[in-house]
J.: 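Structure in structure tokens, see below.
Heavy atoms only: backbone and side chains are in, while hydrogens, waters and symmetry mates are out. Chain naming here is simple, since letters A, B, ... match the order of the sequence lines and numbering starts at 1 in each. Given the structure is predicted, the values throughout are model-derived calculations rather than measurements.
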Protein chains: 2
Amino acid sequence: MLRITKMTDYAVLILANLALHDKKFLTAKEIASETHISLPTSQKILKKLNRNNLVISKQGASGGYALEDDTKNISVAALLKTLNGDLSITQCSSNDHQCQVEDFCNIGDAWQMINQRVQWALNDITLGDLIHPTRIEQFISTNIPVTRNH
Amino acid sequence: MLRITKMTDYAVLILANLALHDKKFLTAKEIASETHISLPTSQKILKKLNRNNLVISKQGASGGYALEDDTKNISVAALLKTLNGDLSITQCSSNDHQCQVEDFCNIGDAWQMINQRVQWALNDITLGDLIHPTRIEQFISTNIPVTRNH
DNA sequence: ATCATATCGTACTAAAATAGTACTATTTAA
DNA sequence: TTAAATAGTACTATTTTAGTACGATATGAT
């Protein structure tokens, strides 16, 4: 479905929330209540974000989570890659050649080309851009693509 | 997972196969055997392709399927849209505003911007391009994007 | 020291989406 | 009339995704 999972959507929401409270440590409970994502789910996501070094955590009383220093500058491509595991559109175009019909596939590496294009499209947008939509609007308006519509 | 379904992958494979046998009618059985996709699945996909006017069908004895005239010129974006139903990356960025946390979402329409970029990336590649990879390689080499890597 | 409050890791369960199959009806050329 | 093909639909199995729970560990305050 060319679609990221709900979890990744939540994750970005949470990251954005952390970005708003610059540097300050927030507990999972606070984050859950602000983003309206259920507490257990918030916790789960925050742990993952921490493992992937997108947020820093402090254990114990008055602990919590805060944004890593350079997380704001991470590209959406890199973000989705760490959160969703892979940016490939199709499985058969992944690096590990597990495709069953590979030998008979006359599409060849066309999917890979498409993957690459998508990746390019996402490489230029940072998490910081997501939080400041106006900046993106400006950004996009200067990148009118070749049109070959249908 | 920013990933299209197996079914769509199969569909493109089948379309490519039909494109190779230009205009000639092939039975579902033939297509299944050539693409190594199971017969029932091939049939299922071919029916869908037919309903979406990507292939034409002839019923009865000596019937079969063939590519619609202008299917080769359809963009990958349009292709994925008809096959996968939607090109949106996230659900909340779909047109129908069903997002539960919409009111609290400070990402705003950033996802929509990203969706747009991806859509642009896929608008310029046609099904025909997929079948002739060399043409794509050339195509891509002339479209070096702005790099802001991570 | 102890306690209250956090995160951490892991395992488990439920729900939803996807994939695959089967069956009956209809069409068509020989 | 018959054989061979598509058309529609409904059903089942599998896989992925989402959500929850629980015991362990860490930390600051009292």
J.: Per the side-chain contact (heavy atoms from CB on, under 4.5 Å) rule, which among B:L26, B:T71, B:L15, B:I31 passes with B:V55?
T.: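 Among the candidates, only B:L15 passes.
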J.: Which sits closer to the 5' end of DNA chain D, A:T8 or A:Q59, going by the nucleotide each is nearest to?
T.: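 It is A:T8, whose closest nucleotide lies nearer the 5' terminus.
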J.: Any side-chain N or O of B:S57 less than 4.0 Å from the OP1 or OP2 oxygen of D:dA7?
T.: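 Looking at the OP1 and OP2 atoms of D:dA7, one of them is under 4.0 Å from a side-chain N or O of B:S57.
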J.: Any donor and acceptor pair, going by atom type alone, linking the side chain of A:S42 with main-chain N or O of A:S38 inside 3.5 Å?
T.: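 Here the side-chain-to-backbone pair exists.
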J.: What distance separates A:L13 CG from A:E34 CD, expressed to the nearest 0.5 Å?
T.: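 A:L13 atom CG to A:E34 atom CD measures 11.0 Å (nearest 0.5 Å).
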J.: A:Y65 has a side chain; which of D:dT6, C:dG20, C:dT7 sits nearest to it?
T.: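 Taking heavy atoms from C-beta onward, the closest nucleotide is C:dT7.
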J.: Between B:E68 and B:N53, do the side chains contain a donor N or O and an acceptor N or O under 3.5 Å apart?
T.: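 Short answer, no.
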J.: Rounded to whole Å, how long is the line connecting atom CD1 of B:I14 with atom P of C:dA19?
T.: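 That distance rounds to 13 Å.
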J.: Nearest-Å distance, CG (B:D9) to C1' (C:dT18)?
T.: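 Distance, rounded to whole Å: 14 Å.
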J.: Between C:dA6, D:dA7, D:dA18, which nucleotide has the shortest distance from any of its atoms to the side chain of A:K44?
T.: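 Selected nucleotide (nearest to the side chain): D:dA18.
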J.: Rounded to the Å, how far apart are A:I37 CD1 and D:dT17 P?
T.: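 Taking atom P of D:dT17 as the reference, CD1 of A:I37 is at 18 Å.
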J.: Sequence neighbours excluded, which residues qualify as side chain to side chain contact (heavy atoms under 4.5 Å, CB included) partners of B:K72?
T.: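 Side chain to side chain contact (heavy atoms under 4.5 Å, CB included) check on B:K72 returns B:A19, B:D22, B:L67.
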J.: Of the nucleotides D:dA4, C:dA19, D:dG19, which one has an atom closest to the side chain of A:K6?
T.: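 Looking only at heavy atoms from C-beta outward on A:K6, the closest nucleotide is D:dG19.
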J.: CG of B:N84 versus P of C:dA17: gap in Å, rounded?
T.: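 Roughly 14 Å, once rounded to whole Å.
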J.: I need the CZ-C1' distance between A:F25 and D:dA26, as an integer number of Å.
T.: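 In whole Å, D:dA26 C1' lies 14 Å from A:F25 CZ.
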J.: Using atom CE of B:M7 as one end and atom C1' of C:dA17 as the other, report the distance to the nearest whole Å.
T.: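 In whole Å, C:dA17 C1' and B:M7 CE are 12 Å from each other.
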J.: Compare side-chain N and O positions of B:T5 against OP1 and OP2 of C:dA19 and report whether any pair is under 4.0 Å apart.
T.: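 Answer is yes, contact under 4.0 Å.
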J.: Tell me whether the side-chain N/O atoms of A:Y10 come closer than 4.0 Å to OP1 or OP2 in D:dT17.
T.: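 Checking A:Y10 against D:dT17: no side-chain N or O falls below 4.0 Å of OP1 or OP2.
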J.: Rounded to the Å, how far apart are B:I4 CD1 and C:dA17 C1'?
T.: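 Distance check: B:I4 CD1 to C:dA17 C1' gives 16 Å.
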J.: Distance only, no hydrogens: is a donor on one side chain within 3.5 Å (strictly under) of an acceptor on the other, for A:T8 and A:N84?
T.: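 On atom types as modelled, these side chains qualify, holding a pair under 3.5 Å.
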J.: Rounded off to whole Å, could you give me the CD-to-P distance for the B:Q43 and C:dT24 pair?
T.: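 Spelled out: CD on B:Q43 to P on C:dT24 is 15 Å.
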J.: Nearest of D:dT6, C:dT28, D:dT20 to any side-chain atom of A:S38?
T.: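 Minimum distance to the A:S38 side chain belongs to D:dT20.
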J.: Between A:P40 and B:A28, name the one whose nearest nucleotide on DNA chain D is closer to the 5' end.
T.: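 Going by which nucleotide is closer to the 5' end, it is B:A28.
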J.: Expected output is a numbered-order residue list: members of residues 45-53 of chain B with a heavy atom under 4.0 Å from any atom of DNA chain C. What is it?
T.: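 Heavy-atom contacts with DNA chain C come from no residue of residues 45-53 of chain B; none.
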J.: Under a 4.5 Å cut-off applied to non-hydrogen side-chain atoms, are B:D129 and B:T126 in contact?
T.: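 Yes, side chains in contact.
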